[in-house]
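Remember, it's a predicted structure, so these values are computed and weren't measured experimentally. Each ligand, and each atom within it, is numbered from 1 in the order the structure gives.
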Amino acid sequence: MLQIKTIEEYQQAYQKSVEDPEGFWAEQAATFQWKKPWDKVLEWDFKKPDVKWFLGGKLNITENCLDRHLESRGDQAAIIFEPNDPNEKETIYTYKQLHAAVCKTANALKNLGIKKGDRICFYMPMVPELAIGVLACARIGAVHSVVFAGFSAQALADRINDAEAKMVICSDYNNRGKKHIPVKKVVDEAIAMGCDSIETVLVHKNTGDDLNWNADLDKWWHDEVDSQSEHCEAEVMDSEDLLFILYTSGSTGKPKGVVHTCGGYMVYSTFSFLNVFQYQENDIYWCTADIGWITGHTYIVYGPLAAGATSIMFEGVPTYPHAGRFWEICDKYKVNQFYTAPTAIRALMALGDEHVEKYDLSSIKVLGTVGEPINEEAWNWYNEKVGKGNAPIVDTWWQTETGGIMITPIPNVTKLKPCFATNPLPGVQLCLVDPDGNEIEGNDVEGLLCIKFPWPAILRTTYGDHERCRTTYFSMFEDKYFTGDGARRDEDGMYRIIGRVDDVINVSGHRMGTAEVENAINEHPLVIESAVVGYPHEIKGQGIYAYVIISDSVTDNEAFQKEVANVVRTEIGPIAKPDVIQVVSGLPKTRSGKIMRRILRKVASKDISDLGDTSTLLNPEIVDEIISGAGLK
Ligand code: PRX
């Protein structure tokens, strides 16, 4: 597979990918094992939308991630599992061992009645069994839907029901930092809310603490898996068969299930992995994301394994048992490529340089960031303190929907610019448009970021609701995929992501819909209406600011705030808890009844110098009340 090493190679590859996309991607795809070659490379129509890559091709992604490496690198570590507690020994899965574990698990799933096309939901901490389980699904053609284990029972139940999953795979408990979290209990609660499609809960024994056991549904992972054969024929999958669903938030309604399929996703995840991280034989690569998010899917599970890489999977948190834990792990394994989120960088930066200076980080060749805009101070710190000025930073922009990295520097190829995601990868045809959909040409311009040609890992649909996929991404601007982000193209033609232009906020790199948080807050019996906006937060990137109208006066404000936070925790999870809750008597509304969020955002950001035109408001007097209620007057 092409690994770009010079700027000329990048330019040539990019040009070829635009002039002859089918030829370009066919060349990359040819480096994989196909059970039957494709008949046609691409068919697409963004109006519907209908995108198909490698039509008629048959494959199994796990044969490409596992079987094809057995001969050449069977004894090489595929996954190095570093536990939460540094005093516990790491677990290493070689490619051979991982292959055997995946086959055994796949056989167990079959034995439990799982067939191609069935959906399986995962609710697990970062343990190797999560990666093994996901790959076992792919082995037999079951569709995995991983739900981040920080989500609440309600959020889990919603996702199980939307996907009509037949099975949940979970752990008993989870040790994360100092916390001991009852994971299966959340699954039990979700099922008690009504998840009729669930036939089995497969429980992985992680800590071995006491559990409630439901003999009708619950089965132990070890009882089902351990006795199985280490051979499992890989299901023949069509390129366009579903590989997984991953739920993500949008500006309206409940989270939607983004669907990725087998062929294109495999090609793009591997291509982007090899190029963005410049992975070389024997390198040790570490992505700190959770497999509950797309970054973990593409850059812990599929991309690195398909590329035959050795990667680290970490159970814990960056600050436990001390603030140097990340760097200690980098030193311990002599990590060569390190990929994390700006939030983590900012949090560690705030804890002081001594924690990073203690460790030998000279092995690091590439540093990556993802998930949210990185500010200049954090970029510089990452560059100087972690990379010692020697490790290029790849600021990678992409989304759950894009399946893989889209805009990024290529290490030692692209000229870096702090806070710029810089250039598109080959195959990614970007454009900026104005609100009327006119393409903005030239450089030194800003606009709405769109993509005008399909890349192999583009989402295919939103599960169970194709129309929602069309209206969300493809109806805003004709023949373009709309990202929801605004971006600037500078005088050198490099891209800087400004952030979401819709009602999506990004809190510690976690994507959330303001409507989703509002719906949760509105569940509180005293709340009549609420409006949620993001505001700049030093560590989290964005914090959550909630304005609420209540039906009765509240005497104990502190208790009320706690109650609202608890409702959000129950409905969504702790990650969606508002940082600030301001009680107001009304919300600024236009004559058509729309909340003027612009004003709310300004107040939340403590920036009231220019509130713009408020004369069109139905209730202009409310603005002053909100400003003084926020303590700004
Ligand atoms: O706003 C962009 C931001 O994260 C959004 C996608 O979130 P999600 O689907 O959860 O995927 C995150 C991990 C791929 C984008 O619409 N975002 C992602 N990466 C960057 C970013 N914003 C600025 N710079 C980035 N590098």
Side-chain angles (χ1 to χ4, degrees), residues 146-148 150-151 244-251 255-260 265 268-269 272-273 276 287-300 302-303 339-346 367-376 378-379 382 393-409 414 416-425 428 430 448-451 457-459 462 472-473 476 481-488 494-514 516 534 536 540-542 575-576:
V146 183
V147 177
F148 173 61
F151 278 118
F244 67 84
I245 305 171
L246 187 57
Y247 285 84
T248 192
S249 297
S251 36
K256 44 191 176 294
V258 167
V259 168
H260 286 288
Y265 177 80
Y268 197 78
S269 57
S272 52
F273 172 75
V276 176
C287 165
T288 70
D290 191 292
I291 294 178
W293 311 112
I294 190 70
T295 307
H297 281 61
T298 308
Y299 298 111
I300 296 180
Y302 291 111
Y339 192 28
T340 196
T343 295
I345 299 169
R346 286 190 295 262
L367 292 170
T369 88
V370 60
E372 45 177 323
I374 182 164
N375 48 311
E376 200 149 346
W379 196 98
Y382 201 32
I393 295 179
V394 290
D395 177 355
T396 64
W397 174 88
W398 58 297
Q399 309 177 298
T400 307
E401 294 86 344
T402 69
I405 295 167
M406 303 292 279
I407 314 182
T408 177
T414 315
L416 300 179
K417 228 181 226 189
C419 313
F420 275 71
T422 70
N423 298 322
L425 279 180
V428 177
L430 305 172
L448 304 169
L449 183 64
C450 293
I451 305 166
I458 185 174
L459 87 160
T462 45
T472 312
Y473 306 106
M476 191 85 111
Y481 165 84
F482 175 48
T483 63
D485 280 308
R488 178 178 143 67
M494 287 193 169
Y495 287 84
R496 175 178 192 153
I497 307 301
I498 298 165
R500 301 290 303 199
V501 294
D502 53 8
D503 291 322
V504 168
I505 47 180
N506 196 325
V507 182
S508 303
H510 298 151
R511 177 168 158 186
M512 246 167 277
T514 52
E516 212 184 322
K540 299 180 183 181
Q542 277 190 302
I575 52 174

Self-check item: ligand 1: protein residues within heavy-atom distance under 4.0 Å
Solution: Ile294, Thr295, Val370, Gly371, Glu372, Pro373, Asp395, Thr396, Trp397, Trp398, Gln399, Thr400, Asp485, Ile497, Arg500, Asn506, Arg511
Self-check item: Residue pair Leu448 / Val501, side-chain heavy-atom distance below 4.5 Å
Solution: yes
Using only atom types and a distance under 3.5 Å, with no angle test, would you say the side chain of [X] pairs donor to acceptor with the backbone of [Y]?
X      : Y      : result
Ser508 : Thr343 : no
Asn506 : Gly371 : yes
Thr483 : Leu449 : yes

Quiz prompt | Closest non-hydrogen atom pair between Val276 and Leu425, with its separation | solution = CG2-CD1, 4.0 Å
Quiz item: Can you tell which of Tyr265, Phe273, Tyr268 makes a ring pair (Phe, Tyr, Trp, His ring centres under 6.0 Å) with Tyr302?
Solution: Tyr265
